[in-house]
Amino acid sequence: MRERFLTGYNDFVLPFVLGMAFIISYCVVGMVRIILQLPAEDRKRFFISLVTPATLWKNIKDIFLKCLIHVDIWKRNKLLGYMHSSIAFGWFMLIVIGHIEVFLYTPHRAKLFYYPIFFRYFVAETESTMKGALIFFLMDLFLLIVLSGIALAIIKRVRSVMFGMRRTTNPSFFDLVGQYSLWAIFPLRLLAESFTADISGGSFLTKSLNHVFTSFLSNHANMLPAWWAYSCALGVFFFVLPFTRYMHIPTEILLIPLRNAGIKIRNARKGLAKAQVYSCPSCGLCIDACPMGVMKANIRDTTVYLNRQIRRQNEARIEEISDKCLLCGKCTAICPVGIEGDKLRIAQRSIRKYNLSPDYSGIPVSGLAAAAGDFSGTGHGERILYFAGCMTALTPAISRSMESILKKAGADYSFMDRDGGICCSRPMFMAGRFDAAKQLIEKNTEIIRASGADVLLLSCPICYKIFKEKYRLDGIRIVHHTEYIDSLIRQGVLTVEKDGTRYAYHDPCELGRGCGVYDEPRRVVEAAGVLAEAAKNRKESICCGGSLGSLTLGFDKRRAMTENAVTNLMAGSPDRIATACPLCRSTFGRYSGVPVEDIAEIIDRKTTKTDRS
Amino acid sequence: MKENIVIIGGGIAGLEAAGQLLKLGYSPIIIERTERLGGHVASWHRLFPDMSPAKELVDGLVAAASGANIFLNTEISFVNRLKDSYNIMLSNGISIITRIMLVTTGFSVFDASKKEEYGYGVYDQVITNRDLEHWFNGNADPRIDNSAMNAVGFVHCVGSRDEKARNSQCSKVCCITAVKQAIEIRQKFPEASVYCFYMDLRMFGKKYEDFYINAQRDYGIRFIRGRVSEVSENIEGKVVIKAEDTLSGKPVKVTLDLLVLMAGMVCSQASSRVAGMIPLPTDSDGFLKSKDNVYGVVESPKEGIFYAGACTGPKTVPEALAEARAAALDVHLFINGLK
Amino acid sequence: MDFGFRISPSSAINLDNVDLTLFERLHEMEPDVYKCMACGSCSATCPASVYSGMSIRKVILCLQRGREKEAFRMMKNCMLCGKCTMVCPRGINTRHLILSISKLYSETK
Amino acid sequence: MIYQGKQKIWSEYQKEIPDDRWFYVRSCIRQNFFPGSERMFMEICRNVLGKDFYETEHHTTCGGIAYHCDTIPQETVMTIVARQFALMTEAGYENYVASCITSFGNYAEILETWREFPELEAKIRELLWKACRREFNKPKYLAHASDLIYKYRNEIASRAKYRLVNKETGEPLKVVEHIGCHYSKMFPSKGVGGAEYPYVLCGMVEAWGGNVIDYPERRHCCGYGFRQYHVKANRGYSLSNTYKKFESMEPYHPDMIITNCPGCPYFLDRWQYVIAESEGKTYGQNGYGIPVFTYEEVAGLVLGYDPWDLGLQLHQVAVEPLLDKIGVEYNPEDKYKGLNKKDIMRPGLPDVLKCC
C-alpha cells in the first residue's frame with residue numbers, strides 16, 4: 001500500500017478526533033470519580049481484585065462475553081442476541097482489523113488514532129496489496145455484519161415483538177440523536193469506503209458498490225463529502241454519547257470488574273449505584289419483566305426509567321418510581337448488564353429525610369426470650385426455634401401445619417412468636433430505614449441467642465431473606481420450612497402420600513430470586529403430587545402483587561397484578577396452587593379460582609404417621 | 001271496572017300506587033290533605049345515592065297518576081263501617097263507598113325542638129335536614145349566612161334511637177341523608193370544615209358505602225363518633241356544641257356557623273287520625289301495624305285495607321315506591337278474588 | 001397563693017383551637033387517611049401494640065384532635081411490618097401513611 | 001337567639017304554685033353561708049306580702065348531702081323526709097316549700113319513687129311509725145323557695161324601690177342566672193321553665209328590670225358537687241368547674257350573678273377569690289369580682305332593704321360596685337357593724353382580688 005498524502009491528514013477527521021478526545025476524557029474522568037466515590041474499603045477491594053488472576057480472568061471473560069457477544073441476550077432471544085452482537089462485536093472487529101491494517105501497511109502512522117478509522121481514505125492500492133485480500137474481505141464482512149445488525153435495529157424500532165419484546169423504552173431526545181448517528185455511521189462508512197474502493201482497494205461489498213457509483217459519479221472529488229459525513233456521524237455520536245443510553249457501552253466495562261470485586265451499593269447515587277445507572281442500555285427488557293406492567297400500567301416506573309430519572313436528577317420521579325416498586329427483583333434477575341433495580345430503589349428510599357424515627361427500646365425482650373427458650377423437649381437432635389413471622393400470623397393455617405409437622409417429626413421445637421413477636425425488620429429495611437431495621441435485628445438476635453436454639457426455622461421468605469443476609473447468628477442454621485420439610489422427607493422422617501393432584505408451584509420472590517431456593521420446594525411438591533410448572537417460573541416467576549416492597553401501590557392497584565400472576569400459574573392446568581410464603585398465599589387466595597395452599601399445609605395433609613419414636 | 005279504590009295520601013307511595021292501578025284499568029281516588037301532591041319528597045332537592053333531582057321523580061309520578069280522581073285540600077271527616085264496605089265522608093262533603101282503601105299517609109319529620117338541648121327554634125343557626133333541603137331547593141333561609149360558613153355540623157339521630165325522644169327506632173334514611181347533605185355543603189362551601197356527629201352509621205343501601213367513602217376521602221368530612229350533648233350560643237352568635245369523641249374517650253367542643261339536626265321519621269298525625277277512624281292498630285314503634293312484618297307488610301290486619309310507604313315505618317324512596325307497586329298488585333288480586 | 005389544690009387543665013378537645021394545616025397536607029398526600037372508620041383491625045393485629053399501645057387508628061385520630069405528641073409516642077413503636085395494611089377493610093395504605101406522617105410531622109415542630 | 005323560641009319552651013313547663021299557706025323548711029348550710037337570705041324570704045313572704053308561712057324548729061336536715069355522698073342508705077333518707085312531712089301534717093299544712101335545692105330535688109325524687117313503688121312508701125310509713133310514732137300525708141304541692149319568689153316577682157316589682165338597671169346609663173344590668181343542678185335537671189317538669197332553659201330566675205330578673213345573658217356554659221354545675229368539695233384531694237376539680245363557668249361568661253361582662261341554690265353562690269363567690277389568688281385572674285371591672293347573690297338577697301335589695309341587714313358584708317366579692325351601679329343607698333361605715341351597730345371587725349384583704 002502506498003500513502004496518498006504526505007501529511008496523513010485531512011480536515012474531515014476533525015469531527016471524529018474531537019469527539020473521540022471528548023469521550024475518552026469524559027470516560028476517564030467519570031471512571032476516576034466513580035472509583036473515588038467508593039468507600040475506601042470497597043476501593044481497596046476493587047484494586048486487589050484487578051490484580052487477582054482469578055477475577056482478572058473473569059473480568060476479561062465477562063467483558064468479552066457480555067459487552068461484545070451479549071450472551072445473556074442470546075439466551076433470551078436469538079434475533080435480539082444477533083442484533084446486539086453483530087453491532088458490538090462487528091464494530092469491535094472493524095476497529096481491531098483497522099488497527100491491524102495500519103500496523104501492517106503504515107506502521108509509522110500507528111500513533112495517529114484516527115488513521116485506522118479512515119485508513120481507506122489515506123492509502124492507495126499497490127500490487128503488493130493483494131496480500132491483504134483476506135483483511136479486505138474481513139473488513140467488508142464485518143461491515144456487512146454490522147450493517148445487518150443496524151438493519152435489524154431499524155426493524156426492531158417498528159416491530160419489537162419479533163425480538164421477543166412486547167414493550168420497549170420510549171427514547172429521550174438525545175437517545176434519538178445518538179441512535180440516528182449510530183445508525184448513520186456504518187452506511188456512511190460503506191459509502192465513503194465504496195467511493196474510494198477503486199483507489200484504496202476493497203472487497204466484495206465496497207468494490208461492488210464502487211462499480212455502481214463510478215457508473216454515474218466519475219469525479220473522485222465526490223468522495224470527500226462522504227468521508228466528512230462519516231466522520232461527522234462518528235463525532236456526533238461521541239459528543240452525544242454521555243447524554244444517551246449508549247453511555248452503557250463504556251460504563252459496563254467498569255461495572256463488570258466492580259461487580260466481580262463483590263462491591264455492593266452503599267450510596268444511592270455514587271459509586272456502584274452510579275456505575276449501574278450509567279450502564280443501563282435502556283434495552284427495556286425490565287419493562288416486560290415488571291409485574292406492575294399488567295394492562296400497560298406503570299411502564300414508566302420500571303428500572304430503565306429509574307435509571308434515566310436518576311441521570312436527570314428528577315427527584316420527584318425518582319421518589320415515585322422507587323416507592324412504587326414491589327421489590328420482586330425480577331428486573332435484576334433478567335437485566336443483561338446486571339443492574340440491581342431492587343437494591344437501587346432501596347438505596348433511593350434510604351436517603352429520605354424523616355423527622356420521626358422509630359425507637360424500640362421500650363420493647364421488653366426477656367418475656368419473648370423465655371417463651372422462645374421453652375422447647376418441647378423431645379430430646380431429638382437439634383433444637384429448632386420456629387419463627388412464624390408477622391404475615392404468618394394472618395395465615396395461621398401455615399403455622400398450625402408447621403407445628404403439626406414438627407410434632408410428627410418428633411422435633412425438639414419451640415415457637416418464637418406464638419403470642420406475637422418482633423418484626424424481622426425486612427419490611428423496615430425495604431423502606432430504606434436501616435437504623436430502625438438494625439434496632440429490630442438486635443432485639444431478635446438477643447431473643448434467638450438467649451433461646452439456645454440450633455436451628456432457626458422460618459415460614460416467611462421475607463423473614464428468611466433478612467435473617468440470612470443481615471443477622472449475625474453464628475452457629476445457628478437458618479432454614480426455610482421448604483428446605484426443612486425437604487430434608488425431613490429425604491431423611492425418611494416424614495412419609496408423604498403422593499397422589500395425582502397437580503400443583504403449580506409459585507416461587508415467592510424473596511425465596512426464589514431473593515435466596516435462590518428453587519429446588520427444595522419443587523421436590524417437596526413432587527413428593528405429594530404432580531408438579532405443573534407455570535409459564536414463567538423460577539427466577540422469572542411473577543410476583544403475586546401482595547409484596548410489602550411497594551410503599552405506595554394501593555390495594556386496588558394490585559388486583560390486576562395478582563390476576564396476571566394467577567393466569568401465569570394456570571399454564572399447566574393445576575388443581576391447586578402451592579406456594580411457600582404467607583403473603584403470596586393470602587394474596588393469591590383472594591383472586592385465585594383454585595385452592596391456594598402453602599407447602600407446609602400440603603405436607604401436613606399428606607403425612608399421617610410419625611416415624612421417629 | 002267500577003270498584004272504588006281510595007288512596008289516602010298523595011305522596012310518592014300514593015301516586016305510584018295510583019299510577020299502577022290506572023295501568024291495571026282501575027280508577028283510583030286520591031285524597032290529599034294539602035294543596036299539592038308529592039308529599040315530603042316534593043320539597044326535597046336531590047335524592048341519594050345518584051343525586052337525581054326529586055322534582056323529576058315527583059313530576060313523573062304525578063303525570064302517571066293524573067288519570068286518577070284526585071281531591072286536594074281534602075281530609076277524611078269520618079269513616080263508617082257498612083256491612084262489607086266503608087262509607088268515607090270527606091271534608092268537601094263528598095262521600096265514597098268503598099271496599100278498598102290504600103293507606104299511604106306517610107310519616108312526619110320529628111319535631112327537633114323537642115330535643116331542647118339542641119336549641120332548634122332557640123338558636124339562630126340551628127336548622128334541620130328538612131330546612132337545609134329546602135334551602136338547597138332555592139328557598140331563602142335567614143339562618144344560613146352564605147358569607148361566613150367556616151364550620152358546619154350535622155347531628156345524626158335527632159329523635160331517632162332515643163328513648164327520651166320517645167322513639168327508640170332507627171329512622172333509616174338520616175345517616176345517608178347527612179352524608180349527602182354534608183357533601184352538598186362542602187360543594188357549596190369548599191373551605192368549610194364539615195363535621196358529622198354520629199352514634200352509628202347505618203349505610204345499608206345500594207351504593208351508600210361508596211357515598212360514605214366519597215364523603216370521607218374526597219370531601220374530607222370529619223366523622224366524629226359521639227352524640228352531641230348540648231348546644232349553646234357564644235357571644236358572636238355562633239353555636240358551640242359539646243359531644244364526646246368516643247373514639248378518643250375525650251370530650252370535644254367546636255364552634256359552628258351552622259348546625260343541622262338530622263330529624264328522624266315518626267308516625268304522622270294524619271296516619272294516626274286515619275288509623276283511629278277505621279280503626280287500624282299501631283305497632284310498638286308507633287307506626288301502623290302490618291298484618292305481618294315479613295310477608296304482609298303492605299296488608300293491614302283488616303280485609304280490603306292496604307298500606308304502602310312510610311305509614312308503617314321509616315322507608316327510603318325506592319322502598320316506598322316498591323311497596324306502592326306491591327300494594328297495587330295486592331289490590332288487584334283482592335278485587336279479583338285471588339287474595 | 002398555694003391552696004393545696006389548683007385548676008386542673010381541661011381534658012376536652014376544643015376543635016376550634018386544633019390546627020389542622022399539617023393534617024390537611026397529609027390528606028393531600030394520603031387521601032385515604034380520612035377513610036378510616038375506626039374498626040380497630042389495625043390495632044388488634046399490630047405486633048407493636050402488645051408492647052406499646054401503638055394503634056394507627058389512634059394515631060390518625062390523635063393527629064386530627066391536635067394530640068400530636070401522643071401520636072408520635074405511639075408511632076415510634078411501629079415496625080412497618082404491614083399487618084395493618086393487610087387487614088384494613090378500607091384498603092388504606094397504612095405503611096405509606098406512617099412514612100408520610102414521619103416525613104411531614106416533626107417532634108420539635 | 002330567638003327569644004320566642006325560649007318563651008315557647010317556658011310556656012310548656014309551668015308548674016302550679018299555690019299562693020298561700022306553706023310549710024317552710026330551711027337549708028342545713030345556707031344560714032352559715034348567706035345568713036340574711038332565709039330571714040329575708042320569711043320577711044318578704046310574711047311581712048311584705050302577708051302570706052301564711054309556717055316553720056318549726058323541730059325539722060332536721062333532709063339527709064340529702066349524706067345521701068348524695070353515699071353515706072346513708074335510701075331508706076334512711078326517706079324516713080328523715082317522712083318525718084319532715086309528718087311535721088307538716090301535724091302543723092296542718094299541705095304545701096311544702098324547701099329553702100335548699102338539694103332538699104327540693106331530694107323531696108321530688110322521693111315522692112316520684114313512692115309513686116312508682118308504693119310498697120316502698122308503705123315500708124317507710126312503717127319505719128317512721130316504729131322510729132318516732134308519727135304519721136304523715138304527702139304534700140299536695142312541693143315547691144322550692146325560689147318558685148315562691150318567682151310567683152311573687154311581679155308583686156315584689158310593684159313594691160320595688162330599685163330596679164336592676166344601671167343608674168348612670170339607664171341600661172338593664174347584665175345578669176347571669178345560675179340554677180342549682182338539683183332544681184330541674186332530674187325532673188324537668190318539676191321546675192319552672194324546665195331543665196334546658198329554667199325560667200325561675202330569668203322571670204325574677206326580667207320582672208325586676210335586668211337582662212339575662214345566655215352564655216355557653218350556663219348549664220354547667222357551679223363546681224360544688226358534694227363529693228368533689230368535701231374531699232380535699234378533689235377540690236381542684238371543683239375549682240376547675242367554676243373556672244370553666246367564669247371563662248365562659250367573661251366575654252359578656254356580667255354585672256352580677258343570681259343563684260337559687262345553697263352551694264352555688266358560695267362557691268361562685270369564694271372560688272373567685274381562689275382563682276384570683278392562684279391564677280391572678282379577676283372577672284369584674286377594675287380588679288373586682290362579679291358579685292354573686294341569692295335570689296332572696298336580690299329581692300331584698302330591690303325592695304330597698306339595707307345591704308348590711310341582708311348580710312352582704314359576708315360576701316367575698318365586694319358588692320359595693322354593683323350597689324353603686326344600681327344606686328342603692330348604703331353606709332360604707334356600717335358594713336362591718338352587726339346588730340345594734342356592734343363592731344364585728346374588718347376581715348383581712350386578699351392580695352389580688354380587689355375588695356372594698
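Any value given below was found using the heavy atoms of this structure, including those in side chains, with hydrogens, waters and symmetry copies removed. Below, chain A is the first sequence line, B the second, and so on; all start at residue 1.
No part of Glu70(C) comes within reach of chain B, as not one of its non-hydrogen atoms sits under 4.5 angstrom from that chain. Heavy-atom distances place both the backbone and the side chain of Lys35(C) under 4.5 Å from chain B. For Tyr195(B), the part lying near chain C is the side chain, with the backbone staying farther off; criterion is any non-hydrogen pair under 4.5 Å. Neither the backbone nor the side chain of Cys62(C) comes within less than 4.5 Å of any heavy atom of chain B.
Heavy-atom neighbours of chain C within the stretch residues 244-263 of chain B, taken at a separation under 4.5 angstrom, comprise Asp245(B), Leu247(B), Ser248(B), Lys250(B), Pro251(B), Val252(B), Lys253(B), Val254(B), Thr255(B). Using a 4.5 Å cut-off between non-hydrogen atoms, no part of residues 110-143 of chain B approaches chain C. Interface with chain C: from residues 148-178 of chain B, no residue qualifies, criterion being any non-hydrogen pair under 4.5 Å. Proximity to chain B at a heavy-atom threshold of 4.5 Å picks out Arg90(C) from residues 72-100 of chain C, in numerical order.
Counting heavy atoms of neighbouring residues, nucleotides and ligands inside a 6.0 Å radius, atom NZ of Lys55(B) does not exceed 12 of them.
A heavy-atom distance below 4.5 Å is found between the side chains of Met37(C) and Glu209(B). Between Arg222(B) and Tyr34(C) there is a side-chain heavy-atom pair separated by less than 4.5 Å. Inter-residue side-chain proximity for Ile224(B) and Arg65(C) is flagged as met; some heavy-atom pair is nearer than 4.5 Å.
Atom OG of residue Ser193(B) and atom CG of residue Leu20(C) lie 7.0 Å apart, to the nearest 0.5 angstrom.
Judged purely by atom type and a 3.5 angstrom limit, His27(C) uses its side chain to pair as donor or acceptor with the backbone of Arg217(B).
The choice from Asp16(C), Val18(C), Asn17(C) that makes the most heavy-atom pairs within less than 4.5 Å of chain B is Asp16(C).
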